[in-house]
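Working notes for the structure below.
Worth saying up front: this structure is predicted, and the values here are computed from it rather than measured. Chain A is the first sequence line, chain B the second, and so forth, proteins listed ahead of strands; every chain is numbered from 1.
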2 protein chains.
Amino acid sequence: MPEKILVIDDDEATVQLLSILLERHGYEVIKAYRADEGLRKAYRSQPNLVLLDVMMPDMDGWEVCRRLRELSDVPIIFLSARGEVRDVVKGLEMGADDYIIKPYDNDELVARVRAHLRRSPGPTVSEELVFDGGQFRINFLNREVRVKSRLVHLTPKEFSLLGVLVRNAGRVITRAELVREAWGPEYADAIDSLKLYIHYLRQKIETNPQRPEYILTSRGVGYRFAGH
Amino acid sequence: MPEKILVIDDDEATVQLLSILLERHGYEVIKAYRADEGLRKAYRSQPNLVLLDVMMPDMDGWEVCRRLRELSDVPIIFLSARGEVRDVVKGLEMGADDYIIKPYDNDELVARVRAHLRRSPGPTVSEELVFDGGQFRINFLNREVRVKSRLVHLTPKEFSLLGVLVRNAGRVITRAELVREAWGPEYADAIDSLKLYIHYLRQKIETNPQRPEYILTSRGVGYRFAGH
DNA sequence: CAGGTTTGAAACAATTCCTGACAAAAGTGC
DNA sequence: GCACTTTTGTCAGGAATTGTTTCAAACCTG
């Protein structure tokens, strides 16, 4: 079966051109014209690679990239008309694998797609969409968290932070790393906020926030999610 | 242990600049000024990534890339002043992972290096993460220490010091070295505190702190952790 | 503009760290 | 073995750091 490439871009013409190009090279193309549609299709069709536009009306590409990374390790290539170095760096730091500036050359694009697919371990895409720690469940696709089967409402930042902790369950993550993962590389100084959000999360998911059983402090280093 | 990057380029100035840049970001740089030298050093030092110039007097970069690929799957990034699409495509088709055109931006180069290193498997960390000495177990991932299966709480400094001792189990480490490793190079005068912390640790992990069985004194030199 | 969300600053609480003094033990020469 | 010196171990309390909580202002977003 051919390798599947998901193209997410609000510009229909671009999607069309990319489809033709990629299909000519033997790939199967899945098309999405909006960010949320892209995420849903990523989940459903398990693509081997994602081509992602940076600017879209409903949600920017950065956010899509972040959420995709929560779901899987699929290779992500940004496509953007904005070619400033800071954007490229931002995209790569955010977990993307490459950043191609429009207008791109068809051959180069295909070559880069191929290079990344070559590395990619195969259709081992989305692994655990749900973390189940007995009393505690988190579903990364619909962003639901349940404690003792009670649904807990989390804000975006709260969910993002909790996600980083859960995906690294069992190991201590430094504050700096947590901030980098949950806020993005450009918020190195958000450590104050981090403490707050740890507090919020504990209020929401811990039975007794004073004696946390999930989100544990590692003094002088960071936090870790108990590996049940 | 820092990740190793092999830089192969016949232009000494370029190599020098790259070294400074990469070392500032915490990488260890191995330098090679000729193609054959580069291949030899790749073989000997097992780099985690290779930065490769396309044009060199003795053998061109393409050939180096091909031969490297015969030896290993190490990520390869081409660096070249020739930015024509056909060269980029050729490089990527040849097995390289990325192609950066000179003059490059420092931040972008580092970001791309990071992106590729993130993908690469990493030098089998798993065994190093837990030390199991029968009655004594230390888990560097979640920073837990257990003696006779009892969980022992350690402060950051205590853990750091114990970590150095355990990682060098069986070997005597000088006081100066211990301080340097556990406190950092700038605290050369913390030798006074060292004996304090040795004391704390013994109180916490030894059955009989007066007759230590784990943390042993080597009079006039330093301490060592019993190797079991 | 009203709601929830995010941020910064600061008070408060707890722990971790260091200082200096002294006690104990190990090595040394007689 | 006995004094002496050197090195290592122990102790206590206060300084410094780190973590938690509260409060209020800024910020979106619909």
Side-chain angles (χ1 to χ4, degrees), chain A residues 35-36 56-60 62-63 66 143 145 151-165 172-176 178-179 181-184 186-206 208-224, chain B residues 143 145 152-163 165 172-176 178-179 182-184 186-206 208-225:
Chain A
D36 58 346
M56 278 177 292
D58 57 329
M59 184 195 300
D60 69 22
W62 313 123
E63 186 59 25
R66 215 188 322 260
R143 311 190 123 224
V145 175
L151 184 63
V152 183
H153 169 77
L154 296 187
T155 72
K157 277 269 140 66
E158 286 168 357
F159 185 88
S160 168
L161 176 57
L162 183 60
V164 178
L165 286 165
V172 175
I173 317 163
T174 64
R175 289 158 183 282
L178 275 171
V179 169
E181 294 282 325
W183 268 258
E186 62 272 26
Y187 290 88
D189 53 340
I191 286 192
D192 273 339
S193 303
L194 172 64
K195 300 177 187 173
L196 251 214
Y197 276 88
I198 292 289
H199 181 229
Y200 292 157
L201 282 176
R202 296 217 254 231
Q203 294 294 327
K204 290 185 178 181
I205 70 172
E206 299 283 2
N208 177 357
Q210 266 75 35
R211 317 207 128 272
E213 40 179 337
Y214 294 119
I215 301 174
L216 274 20
T217 304
S218 187
R219 203 156 230 271
V221 189
Y223 300 90
R224 76 170 219 264
Chain B
R143 301 173 66 94
V145 175
V152 183
H153 172 78
L154 297 186
T155 72
K157 280 268 142 69
E158 287 166 358
F159 186 88
S160 165
L161 177 57
L162 183 59
L165 286 164
V172 176
I173 318 162
T174 65
R175 288 160 180 283
L178 274 171
V179 169
W183 268 256
E186 62 271 28
Y187 290 87
D189 53 339
I191 284 199
D192 277 340
S193 304
L194 176 61
K195 56 182 181 181
L196 235 209
Y197 278 86
I198 293 288
H199 177 229
Y200 291 154
L201 281 176
R202 296 217 255 233
Q203 293 294 325
K204 290 184 178 180
I205 71 173
E206 298 284 2
N208 178 356
Q210 268 74 36
R211 312 222 137 268
E213 41 179 337
Y214 293 119
I215 301 174
L216 276 19
T217 304
S218 185
R219 203 149 232 274
V221 191
Y223 300 90
R224 74 168 220 270
F225 193 87

Global bending angle along the helix from C:dC1-D:dG30 to C:dC30-D:dG1, which compares the axes of five pairs at either end, to 10 degrees: 40°
Starting from C1' on C:dC17, measure out to CG on B:L161 and report it in whole angstrom. 13 Å
Find the distance A:Y197:OH to D:dT20:P and express it as a whole number of Å. 17 Å
Do B:E158 and B:V152 pass the side-chain contact (heavy atoms from CB on, under 4.5 Å) test, and can you show the C-alpha distance, the side-chain angles, and the key distance before you say yes or no? CA-CA 11 Å; B:E158 287 166 358; B:V152 183; over 6 Å; no
Any side-chain heavy atom of B:V172 within less than 4.5 Å of one from B:L216? no
Among all residues two or more places apart in sequence or in another chain, which pass the side-chain hydrogen bond (donor to acceptor under 3.5 Å, both in side chains) test with A:R175? A:Y223
Any heavy-atom pair between the side chains of B:T217 and B:R202 that's under 4.5 Å? yes
Identify all pairs in which a protein N or O lies below 3.5 Å from an N or O of nucleotides 21-30 of chain D, and state each distance.
from: D:dT21; atom 1: OP1; to: A:Q210; atom 2: NE2; distance (Å): 3.2

Less than 4.5 Å apart, any side-chain heavy atom of A:R224 and any of A:I173? no
I'd like to know whether A:K195 forms a side-chain contact (heavy atoms from CB on, under 4.5 Å) with A:I198, so could you lay out the CA-CA distance, the side-chain angles of the two residues, the decisive distance to 0.1 Å, and finally the verdict. CA-CA 5 Å; A:K195 300 177 187 173; A:I198 292 289; 5.7 Å; no
Would you say B:L162 and B:I205 make side-chain contact, with heavy atoms under 4.5 Å? yes
Phosphate-side-chain proximity, A:R175 and D:dT18, N/O vs OP1/OP2 below 4.0 Å: no
What is the distance, to the nearest angstrom, from the CD1 atom on A:I215 to the P atom on D:dT20? 11 Å
Taking NZ from A:K204 and C1' from D:dT20, how many angstroms apart are they, rounded to a whole number? 18 Å
So which nucleotide from C:dT7, C:dC18, C:dT6 ends up closest to the side chain of B:W183? C:dC18
Rounded to whole angstroms, how far apart are CZ on A:R211 and C1' on D:dT20? 14 Å
Residues within residues 216-224 of chain B bordering DNA chain C, heavy-atom distance below 4.0 Å: B:R219
Roughly how far, to the nearest 0.5 Å, is the NE2 atom of A:H153 from the CZ atom of A:R143? 11.0 Å
In whole Å, what is the span from the CG atom of A:L201 to the P atom of C:dT6? 11 Å
Phosphate OP1/OP2 of C:dG4: any A:T155 side-chain N/O under 4.0 Å: no
Check side chain to side chain contact (heavy atoms under 4.5 Å, CB included) between B:Q210 and all other residues, then give those that pass, not counting sequence neighbours. B:N208
Here the distance between atom C1' of C:dC17 and atom NE2 of B:H153, to the nearest Å, is 13 Å
Rounded to the nearest angstrom, tell me the gap between atom CG in B:L194 and atom P in C:dT16. 19 Å
Can you list the residues that meet the ring pair (Phe, Tyr, Trp, His ring centres under 6.0 Å) rule with B:Y197, with sequence neighbours excluded? B:W183, B:Y200
Side chains of B:L154 and B:L161: closer than 4.5 Å at any heavy-atom pair? no
